Protein chains: 2
Amino acid sequence: MATATQVELTEDQLTLIAKALADPRRYEILKKISAQTCCTPCSSMRDCFDIAPATLSHHMKELETAGLIHSEKEGKFVNYKPRPEVLRAYLTRLKSDLA
Amino acid sequence: MATATQVELTEDQLTLIAKALADPRRYEILKKISAQTCCTPCSSMRDCFDIAPATLSHHMKELETAGLIHSEKEGKFVNYKPRPEVLRAYLTRLKSDLA
DNA sequence: TCGATATTTCGACAACCATCGAATTGATGT
DNA sequence: ACATCAATTCGATGGTTGTCGAAATATCGA
């Protein structure tokens with residue numbers, strides 16, 4: 001059975017997530033990763049977003065630090081997966097705090 | 001019957017809301033306003049948050065510009081009300097974009 | 001009108017952040 | 001070992017933003 005793990009967010013994480021979502025470019029990146037059913041390679045993002053490698057790397061780190069995505073090295077490449085539990089926890093928290 | 005008005009968010013509003021939520025102090029302020037069943041006077045916030053008047057005024061403007069609250073002058077005072085439709089629209093949008 | 005109080009605006013400052021070029025690290029194939 | 005390619009780190013730069021003191025604006029009561 002699918003374990004419906006309830007993720008608990010610290011105050012810091014709450015802020016990190018909000019900040020991660022607050023940059024339009026980062027939002028679009030996360031949107032793309034979330035739309036993918038499987039992993040998203042880093043290089044595929046570079047084609048989409050017309051962005052400098054350094055900038056992309058920076059944004060990916062922010063998203064990962066916030067806990068919104070997970071990265072996995074595959075040889076020379078890096079693949080990204082969304083972490084829906086964390087987003088769900090964020091939505092739940094907003095609803096509970098600000099409903 | 002309660003009109004379930006569906007609020008549509010522009011890209012700019014989306015960013016404004018995310019930014020508004022990304023500052024911890026502002027988040028706490030909004031939390032307090034949302035918890036209130038009725039209006040929240042500006043002065044009552046000053047007691048709670050140990051904040052300079054100028055800073056508070058700045059944050060309130062940000063929250064209002066984002067559309068998350070509504071302000072009303074009452075003589076010398078200002079009262080604030082949450083705008084749950086806007087928050088709801090934001091949650092809906094996040095869910096639809098990033099689910 | 002005058003003084004007190006509530007809130008906003010202005011101006012400044014420091015910290016933060018998005019951006020990118022250049023240099024670096026790390027893996028792959030030859 | 002070497003060249004190549006993917007991705008990260010470093011360093012710098014310009015723009016944004018949270019903060020607050022001081023001044024301005026607005027309202028009220030005396």
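Note that the structure is predicted; figures quoted are calculated from it, not measured. Chain A is the first sequence line, chain B the second, and so forth, proteins listed ahead of strands; every chain is numbered from 1.
Using a 3.5 Å distance cut-off with no hydrogens or angles, the side chains of A:Glu74 and A:Asn79 do pair a donor with an acceptor.
Using a 4.0 Å cutoff to heavy atoms of chain B, the contacted part of DNA chain C runs 5' to 3' from C:dT5 to C:dT9.
For the OP1/OP2 pair of D:dC20 and a distance below 4.0 Å, the side-chain nitrogens and oxygens of B:Thr55 include at least one atom meeting the criterion.
B:Phe49 comes within 4.0 angstrom of nothing in the nucleic acid, heavy atoms only. When heavy atoms are screened at a 4.0 angstrom cut-off, A:His58 is found touching base atoms of the nucleic acid. Counting non-hydrogen atoms under 4.0 angstrom, A:Ser43 reaches the backbone sugars and phosphates but no base.
Among all heavy-atom pairs drawn from A:Pro24 and A:Ala22, the shortest one is CD-O, 3.6 Å. Of all heavy-atom pairs between A:Cys39 and A:Pro41, the closest is O-CD, 3.9 Å.
A:Glu62 places its CD atom 14 Å from the C1' atom of D:dT8, with the value rounded to the nearest Å. Atom pair A:Ile29:CD1 and D:dA7:P shows a separation of 13 Å (rounding to whole Å applied). The distance from atom OH of A:Tyr80 to atom P of D:dA6 is 14 Å, rounded to the nearest whole Å. In this entry the distance linking CD1 of A:Ile51 with P of D:dA6 reads 16 Å, nearest Å.
Although no hydrogens or angles enter the test, the distance criterion places no donor-acceptor pair under 3.5 Å between the side chain of A:Ser44 and the main chain of A:Thr40. Here the side chain of B:Thr15 pairs a donor or acceptor atom with the backbone of B:Glu11 at under 3.5 angstrom.
Going from atom CD1 of B:Ile33 over to atom NZ of B:Lys81 covers 12.0 Å, rounded to the nearest 0.5 Å. Atom CZ of residue B:Phe77 and atom OG of residue B:Ser43 lie 6.0 Å apart, to the nearest 0.5 angstrom. Once rounded to the nearest 0.5 Å, the distance linking OH of B:Tyr90 with CG of B:Leu14 reads 6.0 Å. Atoms CG and CG, from A:Leu87 and B:Leu94 in turn, are 6.5 Å apart once rounded to the nearest 0.5 Å.
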Identify the pairs formed between an N or O of the protein and an N or O of nucleotides 22-28 of chain D at a distance under 3.5 Å, and give each distance.
none

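In this structure B:Glu8 satisfies the side-chain hydrogen bond (donor to acceptor under 3.5 Å, both in side chains) test with no other residue, sequence neighbours excluded.
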Determine which bases of DNA chain D form Watson-Crick or G-U wobble pairs with both distances under 3.5 Å, and write the result as a 5' to 3' dot-bracket string with | for other-strand partners.
||||||||||||||||||||||||||||||
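Both B:Leu91 and A:Val7 belong to a single network of hydrophobic side chains, linked directly or stepwise wherever heavy atoms of I, L, V, M, F, W or Y lie under 4.5 Å apart. A:Leu16 is not connected to A:Leu68 by any chain of hydrophobic side-chain contacts under 4.5 Å among Ile, Leu, Val, Met, Phe, Trp and Tyr, and they are in different clusters.
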Would you tabulate the side-chain donor-acceptor contacts of residues 47-63 of chain B under 3.5 Å, counting partners in other chains and residues two or more places apart, or write 'none'?
from    : atom 1 : to      : atom 2 : distance (Å)
B:His59 : ND1    : B:Arg26 : NH1    : 3.4

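In the region residues 19-28 of chain B, proximity to DNA chain C at under 4.0 angstrom, judged on heavy atoms, holds for none of the residues.
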